[in-house]
Participant: 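After the C-alpha cells below, expect a handful of questions from me.
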There are 2 protein chains.
Amino acid sequence: MATQTAAQQRAQAKVEYDAFLAGCPSRALLDRISDKWVVLVLCALGDDTEPSTSGGDVPRSMRYSQLARRLAGVSQKMLTQTLRSLERDGLLTRTVTPTVPVTVEYALTDLGASLHRLTRGLGTWAQGNMDAVLANRERHDAAAGADVGAGDR
Amino acid sequence: MATQTAAQQRAQAKVEYDAFLAGCPSRALLDRISDKWVVLVLCALGDDTEPSTSGGDVPRSMRYSQLARRLAGVSQKMLTQTLRSLERDGLLTRTVTPTVPVTVEYALTDLGASLHRLTRGLGTWAQGNMDAVLANRERHDAAAGADVGAGDR
DNA sequence: CCGGATCCCGAAGGATACTG
DNA sequence: CAGTATCCTTCGGGATCCGG
C-alpha cells in the first residue's frame, strides 16, 4: 500500500522523464535551474540571515531592491527575467503592494524551498572548495607553461 | 584536537569567501558550476550506469564521443570547452591514449565526485518535480490569460 | 523614488567544415 | 576519434525611458 505522500512518489525513482534527452521537458527544466542567477536568487531567498524570531522556517520574503543589492552585479533585466521565470514555474511568489513607491516582495514556495536546499549546497561547495580549485588551477597552468618551456632552447 | 579531515574543515563553516560578492573568486566559481553543461557532464560521469563488477565506486571514465552521445544536443565546442574548464579546476582528469584513432578518457576526481553529489540532486529534482512545475506553469499562464480577458468588454 | 520595459551592442553559444 | 577553426545566431549587460 502506498504510505508515501504524492510528493515523495514524485521525487523518487520516477523516471518517466530523462534529463539527458534533448527533447525531454526535464532537460529544459534542468537547463533553467542550472543557471547562475537562478542559483543565486534561490540562495538569497532561502539563506536570508536571521532565523526568524518566531523560530520557524517561515518562507522569507525579500524586496526587489534587496535582491538586487544582495546579488551584486546582476542587471535589472536578468533579475526581473529570472524572477518571472521562477514565479511561472511555481518556485516563488510575487506579491505587489501598491504603496506610494510600489513594493514588490518575493518569497520561496515549498517547491522553491526544496530546490533551495540543493542550490544552497552549490553555494557552500563553491565557498568551501575555492582553495582547492585555486590550487588545481595553479598546478594545471604551471604544467602547461612547463610544457611550452620544455620545447624551448 | 582536530578529528576532522582537511577536506571537512574546508567544506564546512569557512566563510572567508562570499559567493554573493561580485568580486569574490567563489562567485566566479559558483557561476561556472551553475552551468547547464557542467551539471550534465558531472551527472554523466558520475551516474554512468553499471555499478562496476568490482563493486566499488571506482571513478568512472567515459570517452569524448560517449559523453557527446549521452549529452544529446551539446555542441563539440561547448563540450570541449566545458571539459577543459573542469580539468583545469581539478574536477576531472583527461587521459590521452595514443592508439590508432586517438582515445581520450575523462573521469571524475574526488573533488569532482563531491560536486557530482550535488549536481546529481539537481538532475533528479528536475525529473522528479517536472509534473509539479508543468502544472504551475499551466495555472500561471491561465491566470494571465484570465487577467487579459477580465479587462475586456 | 521603486520596479520594470525597451533598445542597442558586445560576448557567449550553436552549426558546420576541416585537420592531426 | 577528438578536437580546432570559422561563421552566424542568440543571449546577456548597460543605458535609457515609463507607470505609479
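Proteins come first, then strands; the chains are lettered A, B, ... in the order of their sequence lines, and each starts at number 1.
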Participant: Expressed in angstrom and rounded to an integer, what is the separation of A/Asp31 atom CG from C/dA12 atom P?
Facilitator: 19 Å
Participant: Quick check on B/Asp110: does its CG atom have over 12 non-hydrogen neighbours (other residues, nucleotides or ligands) under 6.0 Å away?
Facilitator: no
Participant: Rounded to whole angstrom units, what separation is found between the CG atom of B/Leu71 and the P atom of C/dG13?
Facilitator: 15 Å
Participant: Pair B/Trp125, A/Leu111 - check side chain to side chain contact (heavy atoms under 4.5 Å, CB included), show working.
Facilitator: CA-CA 10 Å; B/Trp125 189 95; A/Leu111 192 60; 4.0 Å; yes
Participant: Less than 4.0 angstrom between a side-chain N/O of A/Thr103 and OP1 or OP2 of C/dG3, yes or no?
Facilitator: no
Participant: Under 4.0 Å from OP1 or OP2 of D/dT4: is there any side-chain N or O of B/Tyr64 that close?
Facilitator: no
Participant: Starting at CE of B/Met78 and ending at P of D/dC8, how long is that distance when rounded to a whole Å?
Facilitator: 20 Å
Participant: DNA chain D: A/Thr99 or A/Asp35, which has the more 5' nearest nucleotide?
Facilitator: A/Asp35
Participant: Given C/dA5, is OP1 or OP2 found less than 4.0 Å from the side-chain N or O atoms of A/Arg84?
Facilitator: yes
Participant: On DNA chain C, does the nearest nucleotide to A/Val102 precede the nearest nucleotide to A/Lys77 from the 5' side, or the other way round? Give the residue.
Facilitator: A/Val102
Participant: Which whole-number value in Å describes the distance from A/Leu79 CG to C/dG4 P?
Facilitator: 8 Å
Participant: So, OP1 or OP2 of D/dG3: does either fall under 4.0 Å of a side-chain N or O from B/Thr80?
Facilitator: no
Participant: Would you compute the distance between atom CZ of B/Arg69 and atom CZ of A/Phe20 and round it to the nearest 0.5 angstrom?
Facilitator: 14.0 Å
Participant: Side chain to side chain contact (heavy atoms under 4.5 Å, CB included), that's the test. Do B/Arg137 and A/Asp89 meet it? Break it down for me.
Facilitator: CA-CA 5 Å; B/Arg137 279 186 197 167; A/Asp89 289 352; 2.5 Å; yes
Participant: Among A/Leu91, A/Thr82, A/Asp35, A/Val74, which residue satisfies the side chain to side chain contact (heavy atoms under 4.5 Å, CB included) criterion with A/Val41?
Facilitator: A/Thr82
Participant: Answer yes or no: does a side-chain N or O of A/Arg63 lie under 4.0 Å from OP1 or OP2 of C/dG3?
Facilitator: yes
Participant: Does A/Trp37 or B/Glu105 map to a spot on DNA chain D nearer the 5' end, using the closest nucleotide for each?
Facilitator: B/Glu105
Participant: Quickly work out the A/Gln81 CD to D/dT10 C1' distance and round it to whole Å.
Facilitator: 12 Å
Participant: Reckon A/Arg69 has a side-chain N or O less than 4.0 Å from the OP1 or OP2 of C/dG3?
Facilitator: no
Participant: When the distance from CZ of B/Arg32 to P of C/dA12 is rounded to whole Å, what number comes out?
Facilitator: 11 Å
Participant: For C/dA15, does OP1 or OP2 lie under 4.0 Å from any side-chain N or O of B/Gln76?
Facilitator: no
Participant: Check the distance between D/dC1's C1' and B/Arg94's CZ and give it to me in whole angstrom.
Facilitator: 12 Å
